[in-house]
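Take a look at the structure set out below.
A quick note: this is a predicted structure, and the numbers were derived from the prediction, not measured.
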Amino acid sequence: MQPLTILLIIVIYFGILILISNVVSKKDSGNDAFFKANKNSKWYLVAFGMIGTALSGVTFISVPGQVGSPDIQFKYFQFVLGNAIGFILIAKVLLPLYYRMNLTSIYGYIEQRLGFISYKTAASIFLISRTIGSAARLYLVVIVLQRYVFGAFHVPFFVTVLISLALIFAYTYRGGLKTIIITDTLQTIFLVSSVIFTIYFICDSLNFTLPEAFTAVYESPYSKTFFFDDWLKSNFFWKQILGGIFVTIAMVGLDQDLMQKNLSCKNIGEAQKNMFTFTGIFVIINIFFLSVGALLYLYAENYGISAPLDLASGKPKTDLLFPEIAFNYLEIVPAVVFLLGLTAATFATTDSALTALTTSFCVDFLGMDKAENASKPNMVRTRHFVHVGFSLLMFFVILVIYWANSDSVVSLIFKIAAYTYGPLLGLYSFGLFVKTKTVKDKFVPIICLLAPAITFIISLNSKALFGNYEFAEELIILNGGLTFLGLLLISKPAESQTQF
């Protein structure tokens, strides 16, 4: 597919999103609509739209690309099963807590339970974690756009990043969450349709019926799902399950981004229905993505296609196998389908993240949810400046990732999450399970810095320390556990037993 054609499709796509944004925000562009969608979101729209936010371009490209590795294959599905358990725990434990306290920012719980400095520490951890994680996700799609679209017009990489962020800003800065509930639903339709149609088009190219495709994937050297062989390796089943549970609790249940959508539902019952529905769809759609990965490698073998080389290292970059086949080997229709799916997956994640970052900063650091600030002039204008600020911050983080990254992006994101979200896991665990104690508030930031540092040192030397043991996603449990122990060391008896 020609770069100009791809560019035209992207322009039309974002034109539709900006049009939707203008229609929605005309009715109400105030802070309550931006932060909480006036607490009037339909649970089924939230559930469906969250698919696009949770999956991102990482699932769309990196997960299928990793299937070709003998040590990975369908390993990711073990992690997905852990995710599903984590989602259920969030629905049954954390959501009732957030609704009971009527929170706009979920980090308000930490303030009431542990103290002001602990609260600011938790909010700061989220801002850092979500900025880096969302930048890594957007980086992936920008790499694709640069390679297959803007590079053909000799546009520098940093300009491609700016264009991408400017498009996201254009349809989120006014309506915020209220707009995103609608646009994410549309983008999830594109994403789900894309993966289903991609399977159809690849099967058609390989002359497979659907049952034949299932058999081919099952019998291929790419479909091993459960790894019980060696508990020391990172792909071991229980490591992936436990890692999936705790990464989900931290990256979803303790993350303002996805919880903000849940808190926009009318009541706890609708929020829980949203989470249960979302969990079922999430598991099924990830099976489709893994199947796409196996089919892509079967297609590549059949037609003698190799993964494109990374321009910096000269090594094959599996993240680019899907776009390489879609743009250069399939017909125009599947190429368009792939482009819409990739764009929807990545931008649904980033637009939501920018809104959540803006919400957290405005509520947790500027106090915009407090009654005394609601009537102050220029609150909406201040929110716009914050939105711009986080867009620029994400721009600079993407450039840093571009200069430094050599891993598959899906691996990079979960490595980052293990270090940045671990302290949140420790803070909330202490708050929820140590009812008779609180902490010496001023020492909390030190604990939240020391725990990731110690975790990094242990991870770096794990093979020497623990007999060739390799940490995987369960590294976040170690980090959260060290934070928890540190909080116990600086704890003191609570003045009154907490009811939260």
Side-chain angles (χ1 to χ4, degrees), residues 85-130 242 245-260 262-263 268 271-272 275 356 359-360 363-365 367 369 417-452 454-455 476-500:
I85 298 169
F87 290 137
I88 293 168
L89 290 173
I90 290 166
K92 300 298 288 184
V93 178
L94 291 176
L95 277 180
L97 173 69
Y98 298 153
Y99 266 86
R100 191 161 62 247
M101 296 179 66
N102 193 28
L103 299 174
T104 299
S105 166
I106 63 172
Y107 307 113
Y109 166 75
I110 295 295
E111 180 178 26
Q112 296 187 44
R113 175 64 182 87
L114 300 180
F116 181 78
I117 296 175
S118 299
Y119 162 51
K120 297 299 182 184
T121 302
S124 298
I125 291 169
F126 162 71
L127 295 178
I128 294 167
S129 303
R130 179 47 74 176
L242 288 173
I245 293 170
F246 284 95
V247 165
T248 297
I249 291 171
M251 291 185 69
V252 177
L254 309 182
D255 184 289
Q256 177 66 21
D257 187 355
L258 287 166
M259 286 300 96
Q260 186 172 354
N262 282 281
L263 294 176
I268 180 60
Q272 288 177 321
M275 282 300 296
T359 298
S360 178
V363 172
D364 297 323
F365 291 92
D369 63 327
Y419 293 107
T420 57
Y421 280 90
L424 280 179
L425 196 60
L427 283 166
Y428 276 84
S429 297
F430 185 91
L432 288 168
F433 300 121
V434 185
K435 297 292 188 180
T436 58
K437 292 185 178 183
T438 185
V439 295
K440 297 174 182 176
D441 201 26
K442 63 182 179 181
F443 295 117
V444 168
I446 298 172
I447 298 298
C448 291
L449 287 173
L450 282 176
I454 296 170
T455 301
I476 196 171
I477 304 173
L478 173 63
N479 195 354
L482 289 172
T483 305
F484 184 90
L485 290 174
L487 294 174
L488 279 177
L489 289 175
I490 60 166
S491 65
K492 58 183 180 179
E495 292 181 7
S496 60
Q497 187 168 332
T498 180
Q499 299 301 309
F500 302 128

Can you tell me how far apart [atom1] ([X]) and [atom2] ([Y]) are? Round to the nearest 0.5 Å.
| X | Y | atom1 | atom2 | result |
| --- | --- | --- | --- | --- |
| T455 | Y419 | OG1 | OH | 7.0 Å |
| I249 | I85 | CD1 | CD1 | 10.0 Å |
| S124 | I117 | OG | CD1 | 11.5 Å |
| R130 | L127 | CZ | CG | 11.5 Å |
| L89 | I245 | CG | CD1 | 7.0 Å |
| L449 | I454 | CG | CD1 | 11.0 Å |

Revision key, fill the gap. For Y119, the side chain to side chain donor-acceptor pair (under 3.5 Å) test, sequence neighbours excluded, returns D364
Does the side chain of [Y] come within less than 4.5 Å of [X]'s, by heavy atoms?
| X | Y | result |
| --- | --- | --- |
| L114 | V444 | no |
| Y421 | L254 | no |
| Q112 | M101 | yes |
| M259 | I90 | yes |
| S491 | F430 | yes |
| F443 | L489 | no |
| Q272 | P96 | yes |
| L97 | L432 | yes |

Quick check: closest heavy atoms across [X] and [Y], and the distance to 0.1 Å?
| X | Y | result |
| --- | --- | --- |
| T121 | P445 | OG1-CG, 3.4 Å |
| C448 | P423 | O-CG, 3.7 Å |
| P493 | T438 | O-CG2, 4.3 Å |
| V439 | S118 | CG2-OG, 3.9 Å |
| F246 | I476 | CB-CG2, 3.9 Å |
| Y98 | G253 | OH-O, 2.7 Å |

**Study point:** Q260 and T359: side chain donor to acceptor below 3.5 Å
**Key:** yes
Point to revise | Steps toward side chain to side chain contact (heavy atoms under 4.5 Å, CB included) verdict (T104, L263) | key: CA-CA 7 Å; T104 299; L263 294 176; over 6 Å; no
Review point. Backbone N or O of F116 within a donor-acceptor pair of the D441 side chain at under 3.5 Å?
Key: yes
Exercise for review: Measure from the side-chain N and O atoms of N479 to the backbone N and O of A418, and report whether any donor-acceptor pair falls under 3.5 Å.
Suggested key: yes
Practice item. Return yes when atom NZ of K120 has more than 12 non-hydrogen atoms of other residues, nucleotides or ligands closer than 6.0 Å, and no otherwise. Key: yes
Review point. Y107 vs Y428 aromatic rings, parallel, tilted or perpendicular, using cut-offs 30° and 60°?
Key: perpendicular
